[in-house]
There are 2 protein chains.
Amino acid sequence: MKASLVTIEPNGHSCSDCAVREFAVCSSLDAVELRELEHLGRRVHFTAGQIVFSEEDITTSFYNVLDGVMRLYKLLSDGRRQIVGFALPGDFLGMNISGRHNFSADAIGAVRVCQFAKTPFGRFIEDRPHLLRRINELAIRELSQARDHMVLLGRRSADEKVAAFLLGWRERLLSLGMASDTVPLPMSRQDIADYLGLTIETVSRTFTKLERLGVIEIIQGGIGLLDTARAEALAAA
Amino acid sequence: MKASLVTIEPNGHSCSDCAVREFAVCSSLDAVELRELEHLGRRVHFTAGQIVFSEEDITTSFYNVLDGVMRLYKLLSDGRRQIVGFALPGDFLGMNISGRHNFSADAIGAVRVCQFAKTPFGRFIEDRPHLLRRINELAIRELSQARDHMVLLGRRSADEKVAAFLLGWRERLLSLGMASDTVPLPMSRQDIADYLGLTIETVSRTFTKLERLGVIEIIQGGIGLLDTARAEALAAA
DNA sequence: CGCCAAAATTGATCTGTGTCAACTGTCTTC
DNA sequence: GAAGACAGTTGACACAGATCAATTTTGGCG
């Protein structure tokens, strides 16, 4: 939640050797289209805590996460917060129907995004149904994840929530080649609590409990997963 | 959860005078396309409790709800249930990426749907980007609702959950012209509990409490909304 | 390095909601 | 219209997780 002084990458960039090329929206585009897209997007840097966009803001851009992790959250008027997701490289943000964002997004640590102004990007999609199909695919995948998360929030115990979160987070990082049995957790305990519908104390206690049980090992900036099978059993998957 | 004996409407039907024509996926189609679509869909009836599809089933169809209310839910292995939504006329079901449904759906009372076989409907979409855009729009709207529901499940008290549910349900029915200050509740208390991440007892007690407070009046098959402002305050909207 | 602020952990206690159980009301069927 | 089954309500009590309050650990910075 710092003042908003973002950095725009000065020189050109090329989509063709972009790290997320293969699994982001862009995966649906051919070399020629990619070249065109290059002119529409600009790379923008955010530092830890910077807000990328806020709920209820008029949507002006789409964002393609290139690097880093973002917190996606909604606030109640009295300050209660629910984190509705974490965005990782390859995630596409900014879709909506009301013309306004329906959640806020800020950076956990340094984040690099590819930002597209809404109107030109909208035009670009216009006559490229395969891109639209790709965007739809991403939306449907998110919807499926959202429903899984509803089950977690509504019907799981604190132990199950934490175990399921650690396994799910690890799985996501694995698919990006960013984890092994040591799982980095760039977000704070408070973030985890707000994602799981718990308090920070309960999250902390549950971590300690899982460590006592020999399921995980708490390390700097993350955990070591010692007993995956046991963790899966606890998650009631 | 009855045996599966669905009824298929015998004679032809016409999309042009369909009740959901204006707000379902079909709203994106012109008269000619509508005529074509007519041949792809068949109307199917379900009676109370009949399962329309189950989680993990291979997707074979898309469904357009014409009439009635459906329960959309996910089960945990030990029987805990989370209702992820209620489908009403105009809702479009069957989108997924894995080729399998990611939740189950059954009928609350009598339901009529327009069913489209996956492959031909997929082909129909193929060269109709405006239909794809419409489907995307519906997916994004659902995603937004899903996120709102996450906030409710993760961060709201029982009172807030129930109040927010009643107001939200009323709002949806209003937009379909199916409610006024008396709000029909076709689903059971257990369904409401499983939707809100509560127990049936807590839901029942909260209804009674709201009635004592003069906010609602409990009637057969629904409630009367007596004090909307108060309900909104309780929902912490 | 030493100081400060923030994050995380731990303990003690409280409470909202779940659990268990009894009861009531309503609908169905013969 | 009696009997059974099921849905809903109500009460008493239990407990998972919240709250309140220290304390410890970590990280940033002069």
Side-chain angles (χ1 to χ4, degrees), chain A residues 1-2 47-49 71 76 78-83 108-110 152-166 184-213 216-223 234 236, chain B residues 1-2 47-49 71 76 78-82 108-109 152-166 184-213 216-223 234 236:
Chain A
M1 305 207 186
K2 286 180 189 170
T47 58
R71 223 181 261 131
L76 294 181
D78 62 0
R80 281 176 287 178
R81 183 178 69 159
Q82 176 67 44
I83 291 186
I108 300 180
L152 178 143
L153 289 171
R155 286 296 178 228
R156 293 175 117 106
S157 70
D159 288 4
E160 291 170 346
K161 284 176 175 182
V162 171
F165 164 69
L166 292 175
L185 295 174
M187 71 290 285
S188 70
R189 294 287 191 269
Q190 185 64 63
D191 290 338
I192 298 174
D194 287 347
Y195 182 58
L196 300 178
L198 297 171
T199 59
I200 184 174
E201 293 94 331
T202 300
V203 170
S204 185
R205 274 187 256 270
T206 308
F207 269 66
T208 310
K209 181 176 169 184
L210 291 177
E211 187 170 47
R212 268 204 319 273
L213 290 171
I216 65 168
E217 177 189 21
I218 300 171
I219 58 176
Q220 257 327 54
I223 58 126
L234 282 165
Chain B
M1 303 209 189
K2 286 180 190 171
T47 59
R71 225 181 260 130
L76 294 180
D78 62 0
R80 280 176 287 179
R81 184 178 68 157
Q82 175 67 43
I108 301 180
L152 178 143
L153 290 170
R155 286 293 176 233
R156 292 175 119 107
S157 70
D159 289 2
E160 291 169 346
K161 283 177 175 181
V162 171
F165 165 69
L166 292 175
L185 296 174
M187 71 291 286
S188 70
R189 294 286 190 270
Q190 185 63 64
D191 290 339
I192 298 174
D194 287 347
Y195 182 59
L196 300 179
L198 298 171
T199 60
I200 184 174
E201 292 94 333
T202 300
V203 170
S204 185
R205 274 187 257 269
T206 308
F207 269 66
T208 309
K209 180 175 169 185
L210 291 177
E211 188 170 45
R212 268 204 319 273
L213 290 171
I216 65 168
E217 177 188 19
I218 300 170
I219 59 176
Q220 257 327 48
I223 57 126
L234 283 165

Q. In B/S/- notation, 5' to 3', how is nucleotides 23-30 of chain C contacted by protein heavy atoms closer than 4.0 Å?
A. ---SS---
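With hydrogens and angles disregarded, no donor-acceptor distance shorter than 3.5 Å links the side chain of A:E160 to the backbone of A:A236. With hydrogens and angles disregarded, no donor-acceptor distance shorter than 3.5 Å links the side chain of A:R155 to the backbone of B:R80.
Closest contact between the side chain of B:I218 and the listed nucleotides C:dT9, D:dT9, D:dA18 involves D:dT9.
Heavy-atom minimum distance, B:L153 versus B:G197: CD2-N, 3.8 Å.
Residue contacts shown for B:S188 are limited to sugar-phosphate atoms, with no base heavy atom under 4.0 Å away. Counting any heavy atom pair closer than 4.0 Å across all strands shown, B:G221 reaches no nucleic acid atom.
Under the side chain to side chain contact (heavy atoms under 4.5 Å, CB included) criterion, A:I108 pairs with A:V69, A:R71, A:F86, A:P186, A:M187, A:D191, not counting sequence neighbours. In this view, B:E201 satisfies the salt bridge (charged side-chain N to carboxylate O under 4.0 Å, His left out) rule with no residue, not counting sequence neighbours. Partners of A:R156 by salt bridge (charged side-chain N to carboxylate O under 4.0 Å, His left out), not counting sequence neighbours: none found.
Taking the C1' atoms of five terminal pairs at each end of the helix from C:dC1-D:dG30 to C:dC30-D:dG1, the two resulting helix axes are inclined by 50°, rounded to 10°.
Taking 4.5 Å as the limit, some side-chain heavy atom of B:F207 sits within range of a side-chain heavy atom of B:L185.
Looking at residues 201-208 of chain A, you'll see A:E201, A:S204, A:R205, A:T208 sit with a heavy atom under 4.0 Å from some atom of DNA chain C.
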